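Inspection log for the structure reproduced underneath, given as structure tokens.
Atom set for the values below is all heavy atoms of this structure, side chains included, hydrogens, waters and symmetry mates excluded. Predicted model, so just to flag it, every value in this text is computed and none were measured. We name chains A, B, ... by the order of the sequence lines, and we start the count at 1 in each one.
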Amino acid sequence: MAKVIVGLSGGVDSAIAAYLLKKQGYEVVGAFMRNWDSQLNNDILGNEWHGDICPQEVDYNDAKDVANKLGIKLLRVDFIKEYWDNVFTYFIDEYKKGRTPNPDIMCNKYIKFDSFLKFAKAHGADYIATGHYAKIVHEGDKSKLYKASDDNKDQSYFLSFLNQDQLHDVLFPLANIDKPTVRRIANELKLSIANKKDSTGICFIGERNFKEFLKNYIPATEGKIVDIKTNNVVGKHQGVYYYTIGQRRGLNIGGIKGSDGKSWFVVKKDVKNNILYVACGDDNEYLLCDEVLITDCNYLDDVKLNTFIDCTAKFRYRQKDVNVKIIRNENDTITVKSDTPLKAVTNGQIACFYKKDGQLFASGIIDSIYKDGKKVELN
RNA sequence: UGGGAUAUAGCCAAGCGGUAAGGCACCAGAUUUUGAUUCUGGCAUUCACUGGUUCGAUCCCAGUUAUCCCAG
């Protein structure tokens, strides 16, 4: 009987993943990970506690309930140092450069499908499993990553930085069922967390007042907000780091003459001069581009060099895929071209590419954007 | 100091005698394993102040205060 260690988070998805595996005849063991310690990591601002028990412990208790109900053993493991070294330092460094990182993608790459995978192997597991909505097809030694059947919950985007070795011994039991079904099964099993709200916020850290949270690690420095079109000062900010390209809320500017009653959006973060550039209107030209350069690429399948490929691209989670042409360059970067304008493509975020059948075959970090052959400066 | 104009929520701004539009901002929810975006809801018992006319005033009249413009 093959042994699977399932990452149990205390939520419904991983609970049902464990249940399904057990039903399929695997020897199932649960494991609860704790990768963030608010005390140790000096996370004071923006951290909301529920009573005198921190959110991570609430989740652990939920995971314990699930394990008891399913009749499986629950292990507990901390990767606090690993998380800090591999995910959080990257996260902060990127923000300091004026970019917008995606910590959860790195968390999957370095923690869940690396540290945790090794931990599971050391505990005799043949496979690890998680409650991700994504599909892996194992063909001999090759593993292909696909979107989940539930297009609404598909999380393949977050797994786009995994490599062949990492995918090899991974199972995603939720590949072919949708969220409503997961909820239904959880209710049938009378799991205490059957109707628990989906968690959001940075994985393992949780929901926060984001700006306050960042202030723990990047001090506030007040500066000007400038209208990129007129160069007029239209407001002030607490630090360009705290904002992201395409952001609307939190700018505190409104009713300025000439804006025609339109909202303002962040279009550029000048870290060096501490100036936040904005433009008004959600359709303003400063947010658009037609070409994107992707670096730090990860190829999950064979991709020929110097050859245009028609595919779809996702530039941010839960955004509609767009038809693009991509080309893998000599230096292993990818150039993306789109016939229709792309809006608010943000450097530091991850772009991933899908074939028509839903296979995620390449991904990388958005480095820079171009319009009409000219680079659009974002920093 | 003459002459003219304007004062409506944090900001733009409609209403010009019948009991305060709209937008931006903000706040709250929804959506969401990043950050955003998006969606829904909330947001002036009160119209610079003080009197007056009127059944009734943000709207008319007088005075006060403030700001702006043109002269000087």
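In this entry the distance linking CG of A:Asn347 with P of B:A36 reads 16 Å, nearest Å. Atom CZ in A:Arg318 sits roughly 15 Å away from atom P in B:C39 (whole-Å rounding). For A:Lys109 and B:U34, the NZ to C1' distance is 17 Å, given to the nearest whole Å. Going from atom NZ of A:Lys269 over to atom P of B:G35 covers 13 Å, rounded to whole Å. In this structure, CZ of A:Arg316 is placed 13 Å from C1' of B:U32, rounded to the nearest angstrom. Going from atom CH2 of A:Trp264 over to atom P of B:C26 covers 14 Å, rounded to whole Å. Remark: P of B:G35 and CZ of A:Arg99 are 18 Å apart, rounded to the nearest angstrom. The interatomic distance linking A:Lys314 (NZ) with B:U32 (P) rounds to 14 Å, in whole Å.
Taking every heavy atom of residues 223-252 of chain A and every atom of RNA chain B, pairs under 4.0 Å involve A:Thr244, A:Gly246, A:Gln247, A:Arg248, A:Arg249, A:Gly250, A:Leu251, A:Asn252, by number. Of the residues in residues 274-295 of chain A, none has a non-hydrogen atom less than 4.0 angstrom from any atom of RNA chain B. A heavy atom lying under 4.0 Å from RNA chain B marks the following residues of residues 150-174 of chain A, by number: A:Lys153, A:Gln155, A:Phe158.
Aromatic ring centres of A:Phe361 and A:Tyr354: separated by at least 6.0 Å. Residues A:Tyr241 and A:Tyr95 keep their aromatic ring centres 6.0 Å or farther apart. Ring centers of A:Tyr217 and A:Phe88: under 6.0 Å apart, within the cut-off.
Within a 6.0 Å radius of NZ in A:Lys371, more than 12 heavy atoms belonging to other residues, nucleotides or ligands are found. Within 6.0 Å of atom NZ in A:Lys179, more than 12 heavy atoms from other residues, nucleotides or ligands are found, so the atom counts as buried in its surroundings.
The aromatic rings of A:Phe91 and A:Phe213 sit tilted, their planes meeting at an angle between 30° and 60°.
Looking at A:Leu74 and A:Tyr60, their side chains come closer than 4.5 Å, going by heavy atoms from C-beta outward. Counting heavy atoms from C-beta on, the side chains of A:Tyr146 and A:Val137 come closer than 4.5 Å.
The side chain of A:Ser263 contributes an N or O atom lying less than 4.0 Å from OP1 or OP2 of B:A25.
A donor-acceptor contact under 3.5 Å is not formed by the side chain of A:Gln319 with the base of B:U37.
Where A:Lys197 and A:Lys262 meet RNA chain B, the nucleotide closest to each residue was compared, and A:Lys262 sits on the side nearer the 5' end.
A:Leu288 belongs to no hydrophobic cluster, as no Ile, Leu, Val, Met, Phe, Trp or Tyr side chain comes under 4.5 Å of its own.
Using a 4.0 Å heavy-atom distance criterion, A:Phe91 is classed as making no nucleic acid contact. Residue contacts for A:Asn108: at a heavy-atom cut-off of 4.0 Å it reaches a base atom on one of the strands shown. Using a 4.0 Å heavy-atom distance criterion, A:Gly201 is classed as a sugar-phosphate-only contact. Heavy atoms of A:Tyr317 sit under 4.0 angstrom from at least one base atom.
For the pair A:Arg328 and A:Tyr299, the cation sits on the ring face: its NZ or CZ lies under 6.0 Å from the ring centre, inside 45° of the axis.
Rounded to whole Å, the C1' atom of B:U65 lies 10 Å from the corresponding atom of B:U50. Taking atom C1' on both nucleotides, B:A48 is separated from B:U58 by 12 Å, rounded to a whole Å.
Closest contact between the side chain of A:Thr346 and the listed nucleotides B:U37, B:G35, B:U32 involves B:G35.
Using a 4.0 Å cut-off between a side-chain N of Lys or Arg and a carboxylate O of Asp or Glu, A:Lys142 and A:Asp302 qualify as a salt bridge.
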If a pair means Watson-Crick or G-U wobble with both distances below 3.5 Å, what does RNA chain B look like in dot-bracket form, with | marking bases paired to a different strand?
((((((((.[[[..)..(...]]].(((((.......))))).....[[[[[..)....]]]]]))))))).
Output one line per pair: protein atom, nucleotide atom from nucleotides 7-10 of chain B, and distance, for all N/O pairs under 3.5 Å.
none

